Structure formats: structure tokens, C-alpha cells
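A short write-up of the structure that comes next.
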2 protein chains.
Amino acid sequence: MNLKKYTDYSLRVLIFTGLKHGEERARIKEISDVYNISQEHVRKVVHDLVKRGLIESTRGRGGGIRLAKPAHEINVGMLVRDLEQDFALLECFDKGVNHCVISPGCSLKHVINKALGAFFKVLEEYTLEDLIHNEEELKALMGLST
Amino acid sequence: MNLKKYTDYSLRVLIFTGLKHGEERARIKEISDVYNISQEHVRKVVHDLVKRGLIESTRGRGGGIRLAKPAHEINVGMLVRDLEQDFALLECFDKGVNHCVISPGCSLKHVINKALGAFFKVLEEYTLEDLIHNEEELKALMGLST
DNA sequence: TTAAAAGGTGTATTTTGAATACATCTTTAT
DNA sequence: ATAAAGATGTATTCAAAATACACCTTTTAA
């Protein structure tokens, strides 16, 4: 059981970007340096976040990225749901693929579904703002002058 | 986000086996036929469940498998935890691999962990007995004479 | 007006781990 | 002795994720 690295990276990109204020912008290069993730990947992740409307990017010299909406409007649960598209925890979750004969009478899927619901319920209690509440500490860890 | 097919298969093997009573035993061949999973795989899964002490097997003619303990003592949560060994949802969960600089001050891992806890809390409310409460229906779906 | 800085985009390759298959062995009741 | 059952180790296939490569577009400051 695991999440994709892209989900992890996306969250980290948002955390970094969330630390910029006002007219400040984050640059892909910066993010790539801080987290030691190649620029290519960061670029992909950023691009994706732009498409999802979470990040706003400006091209050209002096450009960069910033959050497209306030951090408290970016919900962690929604984000993870979005980024992880595939939640077919059991074969029978995917109608197209399933060929388990007992699935019509099988309680397992309900149990797993209920558990998955609980998982997201917790995540939905948090927003990006909660993840950057300790702004100074994070900046220090990143080696950013404050 | 997904579970391994082996987890799925294991649960299904237990469900099948749990429908046998008294001196009755399930045979790998039977399970393989009902679920349409090759005998090879069922064998692996069964072997694993035997090692985990959930199933008792008898070799030789007239042999087969049965639960090693009553169905209500087989907890779904524990089972899934056991079968899915790897819960490194984020890179920073795995100390050996992690190289995210912000991890000492990052709240994300706590949030994800809490969610994972909620996931298992739900699963732990169920045992194999709950999964086979509708014994007759399941047997009918499997095409077993009752 | 052009060079540098920034992001955009499509495609290809590598890696990993799960899923599956193959081959052969051991045990035991009849 | 033999057939029915499970045991076990190894090899192969496959898919998806992760990563890398190449090249494009936009913007602005020198």
C-alpha cells in the first residue's frame, strides 16, 4: 500500500510554494535544488498542478509560480484524491476487470470502502495552511533566508 | 493507491476456507476453480497463510486446508497490515531512503499517518466471521451444494 | 534586438515490483 | 505402489511508475 511519488512531490511543491508571499514567486530551479529532485520532475509536477488550477505560473525572465488560491482553500484530502486517481483496492472495485464470482454477496468491499472513507475523512480535515503553519522552521530547514 | 492482489487473494482464500466446517477441508484445486485463479497462485497464497498460522494444511490424499483458528479470531485489520508489509506512503516514512530536507519539521507525515490509522481502525472492527455471515448466499455464488 | 531566464510539452527509456508460470519435491491414504 | 494432495524454489512476463532527454515558447532586461 503506497502513494505515488508524484503525490509526495506535488505536496512538497505546494508546501514550498505556499511559503512565498505577495509578489514573491517560487522557481522550479529553487524547488529542484531544495528537495534534490531533478528539474524535469519538478517541471512535470508543477505543470500538472497548474492544470489543476492550484498553481499559477508566469513564464519568462522574472517569472515563476505561486499558489492560485489561498493555502487554506487547498484541501489535502481533495488533493490526494485527485492526484491518486486509482483507488481499485480490490479487483472487484473495477467493474470492467472484476471476475470474482462472489462479489455480489461479498462484504469485503464494503469493509474496505468504509476504511478508505475514514482515511479520506481525516485528510479532508487539513488544508495546505496546516502544513505550513510552522513557516519559519520550514524555511530554516530549506536553507531559505527569512 | 492500491492493495496487492495477493492480499485480495488471501482474503478470498480465507473466505472460502471459512465456509468449511468440522472435518471438512478445502482443497487448493477447488479454490482455484471457484475463483479462476491458477493453482500456482493459490498454492503460494495458501502456503503463506499457513506460515502465518491462519490456515492448517494436511498433505496427502484426503488432505486439504482449514482455518487454524475460529473465524471470529481472524481480524481483517491485522491481516491486511500483515499482508501489506510496506506502508511507506511517503518517502520520509522510510528512514533509510528519505532525503527530504524538511522532514524534521513537516506536518504532512503526521497527517498521512493519522489517516492511515483511521483506515486500519475501521478494518480492525471486522473479523473473518463478518465476511462469511451470509454463508448460504456465498456458497450459492460459488456453486457449492449446501 | 537578442540573449538569458523562465516555464511548456511530448516522447523515450529505465527500473521496480507485482503477477504469473514452470518444474520438481514430499507426504500420506488406499 | 500409486494417486491425490500440498511444498518450495526459481524463472519469466508485464505494467506502471519513475526518470531522462530533447526541444519549444514566452518574457524581459541589457
Side-chain angles (χ1 to χ4, degrees), chain A residues 1-10 12-13 16-17 20 23-33 35-52 54-66 68 83-91 94 97 99, chain B residues 1-10 12-13 16-17 20 23-33 35-52 54-66 68 83-91 94 97 99:
Chain A
M1 185 167 174
N2 43 35
L3 298 174
K4 290 189 242 175
K5 275 205 172 173
Y6 264 57
T7 302
D8 188 348
Y9 290 171
S10 301
R12 288 203 240 161
V13 165
F16 188 98
T17 311
K20 301 287 183 178
E23 284 309 304
E24 272 186 304
R25 287 161 190 280
R27 271 167 302 117
I28 286 179
K29 176 84 172 61
E30 256 186 303
I31 299 180
S32 140
D33 285 348
Y35 291 124
N36 233 297
I37 303 171
S38 101
Q39 279 194 55
E40 318 287 346
H41 306 157
V42 178
R43 213 176 274 145
K44 280 262 162 70
V45 169
V46 164
H47 181 214
D48 211 61
L49 291 169
V50 169
K51 278 199 291 189
R52 290 169 197 280
L54 296 166
I55 274 184
E56 214 173 82
S57 68
T58 319
R59 286 179 162 204
R61 182 178 275 204
I65 61 176
R66 61 175 172 190
L83 295 168
E84 289 284 318
Q85 75 277 76
D86 185 14
F87 295 100
L89 301 208
L90 298 173
E91 183 178 309
D94 183 337
V97 174
H99 26 59
Chain B
M1 185 168 173
N2 44 34
L3 298 175
K4 288 188 241 175
K5 276 205 173 172
Y6 264 57
T7 302
D8 188 346
Y9 290 170
S10 301
R12 289 204 240 159
V13 164
F16 188 97
T17 310
K20 300 288 183 179
E23 282 311 303
E24 273 186 303
R25 287 161 189 280
R27 270 167 303 115
I28 285 179
K29 177 84 172 60
E30 256 187 302
I31 299 179
S32 141
D33 286 348
Y35 290 124
N36 232 297
I37 303 171
S38 101
Q39 280 194 54
E40 319 286 346
H41 307 156
V42 179
R43 212 174 275 146
K44 279 262 162 73
V45 168
V46 164
H47 181 213
D48 212 60
L49 291 170
V50 170
K51 278 199 290 189
R52 290 170 198 281
L54 295 167
I55 274 185
E56 215 173 81
S57 68
T58 318
R59 285 180 162 202
R61 182 178 272 202
I65 60 175
R66 62 177 172 187
L83 295 168
E84 291 284 319
Q85 75 277 75
D86 185 15
F87 294 101
L89 301 208
L90 298 173
E91 183 177 309
D94 182 337
V97 174
H99 27 59

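Here the structure is a predicted model, which means the values were calculated and not measured. Quick note on labels: first sequence line is chain A, next is B, and so on, each numbered from 1.
Taking only side-chain nitrogens and oxygens, H47(B) never comes nearer than 4.0 Å to OP1 or OP2 of dA7(D). Contact between the side-chain N/O atoms of T58(A) and the OP1/OP2 oxygens of dA6(C) is not found at any separation under 4.0 Å. One finds no side-chain N or O of Y9(A) lying less than 4.0 angstrom from the OP1 or OP2 phosphate oxygen of dA17(D).
Side-chain atoms of K44(A) lie closest to dG10(C) of the nucleotides dG10(C), dT20(C), dA5(D). Of the candidate nucleotides dA7(D), dT20(C), dA20(D), dA7(D) has the atom nearest to the side chain of S57(B). If you check dA18(C), dG8(C), dT20(C) against the side chain of Y6(B), the one that comes closest is dT20(C).
Going from atom CD of Q39(A) over to atom C1' of dG8(C) covers 13 Å, rounded to whole Å. Separating the CD atom of E30(A) from the P atom of dA6(C) is a distance of 9 Å, rounded to the nearest angstrom. One atom, CG of D48(B), and another, P of dA19(C), lie 13 Å apart when rounded to the nearest Å. As a whole-Å value, the separation of Q85(A) CD from dA17(D) C1' is 11 Å. We find that CG of N2(A) is positioned 19 Å from P of dA15(D), with the value rounded to whole Å. Remark: C1' of dG7(C) and CD of E56(A) are 14 Å apart, rounded to the nearest angstrom. If you measure from atom CD1 of I28(A) to atom C1' of dT25(D), you get 14 Å, rounded to the nearest angstrom. The nearest whole Å value for the distance from the CD atom in E40(A) to the P atom in dT13(C) is 15 Å.
The residue among H41(A) and R59(A) whose nearest nucleotide of DNA chain D is located toward the 5' end is H41(A). Heavy-atom distances to DNA chain C give each of D86(B) and R43(B) a nearest nucleotide, and the one nearer the 5′ end belongs to D86(B).
Put simply, the side chain of I37(B) does not reach to within 4.5 Å of the side chain of V45(B), judged on heavy atoms. In this structure the side chain of E24(A) never reaches within 4.5 angstrom of the side chain of R66(A), judged on heavy atoms. R25(A) places none of its side-chain heavy atoms less than 4.5 Å from the side chain of K20(A).
The pair D8(A)-R12(A) meets the salt-bridge criterion, with a side-chain N (NZ, NE, NH1 or NH2) lying under 4.0 Å from an Asp/Glu carboxylate O. A salt bridge is defined here as a Lys NZ or Arg NE, NH1 or NH2 lying under 4.0 Å from an Asp or Glu carboxylate O, and R52(B) with D48(B) meets this definition.
Applying the 3.5 Å distance criterion, the base of dT28(C) shares no donor-acceptor pair with the side chain of R61(B).
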